[in-house]
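By convention in this document, chain letters (A, B, ...) are assigned in the order of the sequence lines, proteins followed by strands, and residues within each chain are numbered from 1. What you see below is based on every heavy atom in this structure, not just the backbone, and it leaves out hydrogens, waters and symmetry mates.
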Amino acid sequence: MKLDAQIPAGPIEKKWDSHKFNLKLVNPNNRRKYDVLIVGSGLAGASAAASLGELGYNVKVFTLHDSPRRAHSIAAQGGINAAKNYTNDGDSVWRLFHDTVKGGDYRAREANVYRLAQISNQIIDHCAAIGVPFGRDYSGLLANRSFGGAQVSRTFYTRGQTGQQLLLGAYSAMMRQVAAGTVTVLPRREMVDVVVKNGQARGLTVRNLLTGELESHSGHAVLLCTGGYANVFYLSTNAATCNVSAAWAAYKRGAGFANPCFTQIHPTCIPRSGEHQSKLTLMSESLRNDGRIWVPKAKGDKRPANDIPEAERDYFLERRYPAFGNLVPRDIASRAAKTVVDTGFGTGPTGQSVYLDFRDSIKRKGIENIRGEYGNLFDMYYQITDENGYKAPMRIYPAPHYTMGGLWVDYNLMTTVPGLFAMGEANFSDHGANRLGASALMQGLADGFFIAPSTVSGYLAAGKFEAVSSGDKEFTDSSRQVQERINRLLSVKGKKTPSELHRQLGNVMWNDVGMGRTEATLKKALKKIPEIREEFWNNIAVSGADKDFNQTLEKAMKVADFMEFAELFVKDALERKESCGGHFREESCTPEGEAKRDDAGFSHAAVWEYQGEGKEAALHKEALSFEHIKMAERSYK
Amino acid sequence: MTKSKHFCVIVRVWRQAGPQEPGRMVSHKVQDVSPDMSFLEMLDILNDDLLKKGETPIAFESDCREGICGCCGLVVNGDVHGPDEHSTVCQLHMRRFKDGDVITVEPWRVKSFPVLKDLVVDRSSFDRLIAAGGFISVNTGAAQDANAIPIEKDKAEEAMDAAACIGCGACVVSCPNGAAMLFVGAKISQLALLPQGGPERAARALNMVQAMDKEGFGNCTNEYECEAVCPKDVKVANIARMNREFLLANLFSKR
Amino acid sequence: MDITFLKRLATTSIGRKALMAVSGLLLGGFMLVHLAENLLLFKGEAAYNGWVDLLASNPVTPLLEIGLLLIFIAHIITGVWVRVEDFLNAPSGYEARNWQGGRTIGSATMLYTAAAVLSYLTYHMLTFRFVDHSMGFYQMVTGAFRSRAFVVVYIAGSAALALHLSHGMQSAFQTLGLNHPKYTPLIKIGGILVAVLMTGFALISVYYLLGIDLKAAEAGYQVVIIR
């Protein structure tokens with residue numbers, strides 16, 4: 001596998017512009033002759049479909065939901081970053097670039113991140129123009145708030161529903177193209193394989209979830225906008241259908257998988273309440289702007305929170321990180337919470353949570369203002385826990401939330417398979433080892449609205465394409481292989497449900513590969529995962545028919561992929577002996593217990609290549625060089 | 001925070017094998033229900049039980065389980081999205097029920113949302129409504145600076161109130177006439193309130209309303225059941241605004 | 001000539017409802033005028049008959065009557081059309097289904113109150129409009145009001161009308177797009193007020209049924225309400 005990042009030459013500020021100029025174009029009249037297949041309709045998928053449709057390509061969008069508007073981008077709450085500097089607090093493209101590289105703990109590609117920061121401003125302009133009702137000041141101009149890991153206010157928002165509004169904006173832009181006839185949406189279709197012919201991605205095998213039929217679709221380029229794989233932990237803030245299957249299928253067809261172990265554990269989630277728990281709910285980290293995080297100073301202090309006097313509270317983030325306080329980046333906040341819980345200071349009935357307290361800000365700002373800013377989050381908390389966050393501190397605990405790792409892509413967002421692109425959370429490119437708050441929405445839309453139209457066009461214009469049809473051997477082979485796997489799942493007729501086995505896998509992942517990882521736990525996980533996988537294939541219960549609407553089968557197919565993927569995840573974590581960003585190797589830390597990077601050994605993206613079933617994946621490295629940002633210890637003290 | 005006792009409920013649920021198949025209500029006992037469990041987690045447990053017994057689990061839709069994706073939607077004991085006000089059924093928790101309760105669970109029964117299987121219905125008509133005009137026609141890259149058009153804060157907030165719609169379809173289901181007025185009204189309102197939506201205002205109102213009629217949604221008799229159940233508390237004032245937009249467009253635009 | 005807009009008015013859900021709302025508001029206005037006319041009964045036979053004669057001799061009156069009839073027909077057609085569609089479209093087949101807070105008795109019974117009002121109206125026309133008026137209008141009306149059976153029907157009719165308007169008046173404003181946080185609460189109160197006023201028809205008839213006018217005359221009082 002050759003990893004050529006295709007980073008354009010020239011000064012970093014000019015790279016994207018000169019690259020766009022150098023990319024070939026497709027004549028407007030010829031565009032409709034190109035079929036572009038997009039998998040996923042979240043921010044990246046919907047915006048790519050909209051922008052490519054606007055150009056006149058013939059776009060097909062596949063979503064496993066009943067409607068493209070359901071994609072999990074919808075659940076992002078807090079906001080979207082842009083370097084507008086509307087608040088005059090010293091922000092700039094350079095600073096956003098700098099913060100993102102630093103926030104990612106120097107494990108992202110500089111050129112990609114700089115482009116992201118550049119495009120950030122256009123995203124806000126475009127989204128305002130297509131009717132996203134951003135929050136505004138009394139002046140009528142756009143409002144901003146600050147977010148974890150930044151010292152400027154650069155986050156644009158629509159209440160606590162920014163992901164929803166941006167997704168609906170992208171969705172509406174895509175539906176406009178549906179009306180115009182350039183985009184066709186195929187809902188309730190799950191991608192099960194990428195079809196590669198003559199070394200190019202030329203199509204997809206998808207399962208029609210209503211009928212169970214396998215369908216072949218051919219095209220000139222394939223865009224995977226299929227999100228992240230945090231559900232490998234079973235409990236995460238992701239939606240139930242979030243999966244690794246699409247990326248995993250691409251990996252098995254030759255796409256390199258980069259940094260699978262880079263996972264973000266989000267600090268402000270509602271703690272789990274029992275075994276039955278099917279998902280964890282995140283509350284926007286904007287809560288950390290006004291909420292103070294603490295635990296009792298005494299171990300095992302079981303008094304109600306309000307009875308614990310000020311002097312006996314440990315505001316551990318403010319204590320350890322005086323400069324950023326409660327606004328340290330997510331990985332640091334999460335780990336700090338884990339540390340206090342692991343050492344016995346945790347709160348609540350399970351001891352697995354810390355307090356997030358609004359007492360002081362309610363005193364300072366008044367309850368009405370707090371309600372105005374965070375009311376929906378307090379309501380959500382009440383609905384789930386039956387506890388009133390205005391009267392007593394809320395309880396929070398970290399949960400897997402976002403995956404920085406993903407399919408390796410070059411500067412064009414193309415994977416190692418020509419014609420196969422990966423965008424949004426599905427790729428690995430911009431966030432390094434840790435993503436800053438309000439940057440996921442920015443990246444998804446940057447990829448779809450602004451990068452895809454140039455780079456996908458460039459690929460189509462330069463490429464040579466043989467005629468393909470769904471009757472070709474590659475297509476029929478793909479369908480046959482998928483069908484065999486489905487038959488195998490149905491034939492086991494075992495005793496354990498997909499959820500049970502998924503939970504088993506998730507427990508291993510969370511306990512041994514979660515917020516803190518050691519060589520010992522990782523090796524333990526590497527032993528346990530194949531055992532669970534074996535149990536899966538010997539004892540999975542899937543009822544019902546294949547050619548039917550069969551949700552159990554859908555779930556089992558996803559879990560089967562997690563079972564394989566988890567092993568690669570752990571291998572990657574084991575291989576990366578340093579601590580960086582969301583990846584914390586307990587062996588690699590400073591005397592104060594902070595994460596310690598090893599730039600000499602690990603300043604690279606680890607890219608894994610599939611070698612065939614039962615064979616060890618091969619590791620390749622894309623060296624990362626930092627010419628514009630000086631690598632330093634990431635300090636938020 | 002008290003550790004509450006687990007209990008047992010009877011779920012009477014609609015089973016229907018396919019769109020053309022007849023359906024019926026079937027009762028299942030669910031044991032070991034925790035009050036902290038969500039309603040859908042209770043159904044998960046039931047489904048796992050059914051699966052272990054070799055039976056077909058109950059098909060129902062949900063995804064984010066935090067009330068924003070709009071996937072879930074059930075009629076629980078006769079209530080659209082269950083008994084809690086302004087919330088989705090995924091946010092309903094079992095602490096609302098007690099030991100021995102019989103809970104009826106039915107799919108959304110409206111002509112425009114045909115049942116596909118068990119509790120899953122087809123809401124694709126909503127996408128067609130948006131394609132009929134629920135957008136602003138600005139091509140990517142064509143926009144001016146976002147602050148070039150100031151928008152009165154109250155207006156922006158009102159647009160956001162309308163935009164909060166999650167497209168779950170509860171408004172249609174709760175409506176005695178199966179109307180989609182709140183859904184369409186919310187979108188027309190959002191884009192009519194924002195100056196960016198101005199140029200297409202008349203066309204949008206005319207096209208979306210006619211598309212809505214074509215899809216076979218019912219008429220509005222202003223009973224406001226939709227507002228009462230809407231998980232995002234979208235107001236019927238949006239329906240009035242749609243009516244106004246439509247009538248003005250019909251009488252005074254050139255279309 | 002492009003008459004698409006007229007077609008849209010008649011065939012779209014919102015257009016039809018708007019026609020229904022406008023016709024409903026006009027009919028509501030007519031009912032208020034009618035109530036005022038009825039109050040003239042209190043002023044005595046001469047005043048009442050004088051007003052009716054004035055109306056009858058006015059050449060514009062038949063035109064107004066035709067207009068009123070057309071408005072009625074428009075209201076009925078649009079109403080029935082909307083309701084038939086809704087009936088066919090209504091969600092059905094639930095084992096359990098509750099209304100969750102929007103519905104009122106008035107809104108739930110619009111079709112029934114409409115049918116009741118229409119039946120009552122037919123009876124009213126047969127009793128007062130298409131009969132021999134030679135005895136004089138005042139005698140005819142008060143005479144009818146002294147019949148217990150008639151008053152029972154009359155009370156039922158006005159009650160149905162009141163219920164119909166309790167939903168209909170504010171609903172018409174909403175349908176025409178007139179909803180504003182400042183004015184809608186007032187409109188709702190106004191709608192209820194108009195509905196309550198409709199019971200005035202019943203009260204007047206009861207007044208005559210109980211013979212209060214006769215007793216008052218015996219006692220030497222003259223009821224003067226309108227000067």
Check: A/Tyr138/B/Asp154 side-chain N/O donor and acceptor closer than 3.5 Å
no
B/Lys187 side, atom NZ; A/Ser172 side, atom OG - distance, nearest 0.5 Å:
6.0 Å
A/Lys547 atom NZ, neighbour heavy-atom count above 12 within 6.0 Å
yes
For the OG1 atom of A/Thr497 and the CG atom of B/Asp48, what is their distance to the nearest 0.5 Å?
3.5 Å
Can you tell me which of A/Met175, A/Arg176, A/Glu54 forms the most heavy-atom pairs within a distance under 4.5 Å of chain B?
A/Arg176
Chain B heavy atoms under 4.5 Å from A/Leu168: which part of the residue, side chain, backbone, both or neither?
side chain
Chain A heavy atoms under 4.5 Å from B/Asp118: which part of the residue, side chain, backbone, both or neither?
neither
For A/Leu210, which atoms come within 4.5 Å of any heavy atom of chain B: side chain, backbone, both, or neither?
side chain
Quick one about A/Asp125 and B/Gln144 (side-chain donor to acceptor, distance below 3.5 Å, no hydrogens or angles considered), yes or no?
no
Heavy-atom contact with chain B under 4.5 Å, split by part of A/Val542:
backbone
Would you say NZ of A/Lys20 has more than 12 non-hydrogen atoms from neighbouring residues, nucleotides or ligands within 6.0 angstrom?
yes
Where the side chain of A/Gln164 meets the backbone of B/Ala164, is there a donor-acceptor pair that is under 3.5 Å apart?
yes
Hey, which of B/Gly54, B/Gly70, B/Ala132 has the most heavy atom pairs under 4.5 Å with chain A?
B/Gly70
For A/Gln551 and B/Ile58 the tightest heavy-atom approach is OE1-O, 4.0 Å
Ranked by heavy-atom pairs below 4.5 Å to chain B, first place among A/Arg188, A/Gln177, A/Gln277 goes to A/Arg188
Residue A/Gln77 versus chain B: region with a heavy atom under 4.5 Å:
side chain
All heavy atoms of B/Val138 vs all of A/Ala129, minimum pair found to be CG2-O, 3.9 Å
Among A/Ile124, A/Asp386, A/Asn550, which residue forms the greatest number of heavy-atom pairs with chain B at distances under 4.5 Å?
A/Asp386
So, B/Glu61 and A/Arg70, do they make that salt bridge, N to O below 4.0 Å?
no
Taking atom types as modelled, is there a side-chain donor on A/Thr281 or B/Glu66 under 3.5 Å from an acceptor on the other?
no
Most chain A-contacting option - heavy-atom pairs closer than 4.5 Å, from B/Ile45, B/Asp44, B/Asn47, B/Val120
B/Val120
Minimum side-chain heavy-atom gap A/Gln161-B/Met160 below 4.5 Å:
yes
Indicate the atoms forming the closest heavy-atom contact of B/Ala131 with A/Val178, along with that distance.
CB-CG1, 4.5 Å
Counting heavy-atom pairs closer than 4.5 Å to chain A, which one of B/Ala163, B/Ala143, B/Gly134 comes out on top?
B/Ala163
Among B/Leu191, B/Leu92, B/Ile166, B/Asp32, residue most engaged with chain A (heavy-atom pairs, under 4.5 Å)
B/Ile166
In terms of heavy-atom pairs under 4.5 Å with chain A, the winner among B/Met37, B/Glu41, B/Gln196, B/Lys155 is B/Glu41
From CG (A/Asp66) to CG (B/Leu116), nearest 0.5 Å:
9.0 Å
Ionic contact status for A/Glu500 with B/Lys52, cut-off 4.0 Å:
yes
As an exercise: rank A/His126, A/Gln122, A/Lys496, A/Lys495 by heavy-atom pairs under 4.5 Å with chain B and give me the winner.
A/His126
A/Met380 CE to B/Gln91 CD distance, which is reported to the nearest 0.5 Å
6.5 Å
How about B/Asp63 and A/His65: does a side-chain donor come under 3.5 Å of a side-chain acceptor?
yes
Hey, are A/Ser67 and B/Arg123 close enough side-chain-wise for a donor-acceptor pair under 3.5 Å?
no
Side chain, backbone, both or neither: which part of A/Ser139 has an atom under 4.5 Å from a heavy atom of chain B?
backbone
Flag the pair A/Arg69 and B/Asp127 as a salt bridge only when some basic side-chain nitrogen lies within less than 4.0 angstrom of an acidic carboxylate oxygen.
no
Nearest-0.5 Å distance that lies between atom CE in A/Met174 and atom CD1 in B/Ile130
11.0 Å
Can you name the closest pair of heavy atoms from A/Ala541 and B/Leu51 and give their distance?
O-CD2, 3.5 Å
Pair B/Glu55, A/Ser543 - check side-chain contact (heavy atoms from CB on, under 4.5 Å), show working.
CA-CA 7 Å; B/Glu55 293 173 38; A/Ser543 64; over 6 Å; no
If one checks every heavy atom of A/Gln383 against chain B at 4.5 Å, the contacting part turns out to be both
Measuring from B/Ile149:CD1 to A/Leu141:CG, what's the distance to the nearest 0.5 Å?
11.5 Å
Could you please spell out the steps behind the side-chain contact (heavy atoms from CB on, under 4.5 Å) verdict for A/Asp137 and B/Lys153?
CA-CA 6 Å; A/Asp137 294 328; B/Lys153 185 178 167 69; 5.9 Å; no
In terms of heavy-atom pairs under 4.5 Å with chain B, the winner among A/Gly53, A/Ala239, A/Gly494 is A/Ala239
Residue A/Lys84 versus chain B: region with a heavy atom under 4.5 Å:
side chain
Please flag which part of A/Lys279 lies under 4.5 Å from any non-hydrogen atom of chain B: side chain, backbone, both or neither.
both
Which of A/Ala75, A/Ala71, A/Gly544 touches chain B most, by non-hydrogen pairs under 4.5 Å
A/Ala75
Which one wins on heavy-atom pair count under 4.5 Å against chain A: B/Leu40, B/Asn139, B/Thr56, B/Leu194?
B/Asn139
Applying side-chain contact (heavy atoms from CB on, under 4.5 Å) to B/Cys69 and A/His72, what does each step give before you reach the verdict?
CA-CA 7 Å; B/Cys69 75; A/His72 196 55; over 6 Å; no
Between B/Asn147 and A/Arg136, is there a side-chain donor-acceptor contact under 3.5 Å, judged purely by atom types and distance?
no
Minimum heavy-atom distance A/Thr552-B/Pro57, with the two atoms named
OG1-CG, 3.4 Å
Between A/Ile130 and B/Phe135, is the side-chain contact (heavy atoms from CB on, under 4.5 Å) condition met? List the steps.
CA-CA 7 Å; A/Ile130 60 174; B/Phe135 48 75; over 6 Å; no
Please state whether the side chain, the backbone, both or neither of A/Phe156 comes within less than 4.5 Å of a heavy atom of chain B.
neither
Closest non-hydrogen atom pair between A/Ile384 and B/Arg95, with its separation:
O-NH2, 2.8 Å
Does a salt bridge link B/Glu157 with A/Arg159, judged by any charged N lying under 4.0 Å from a carboxylate O?
yes
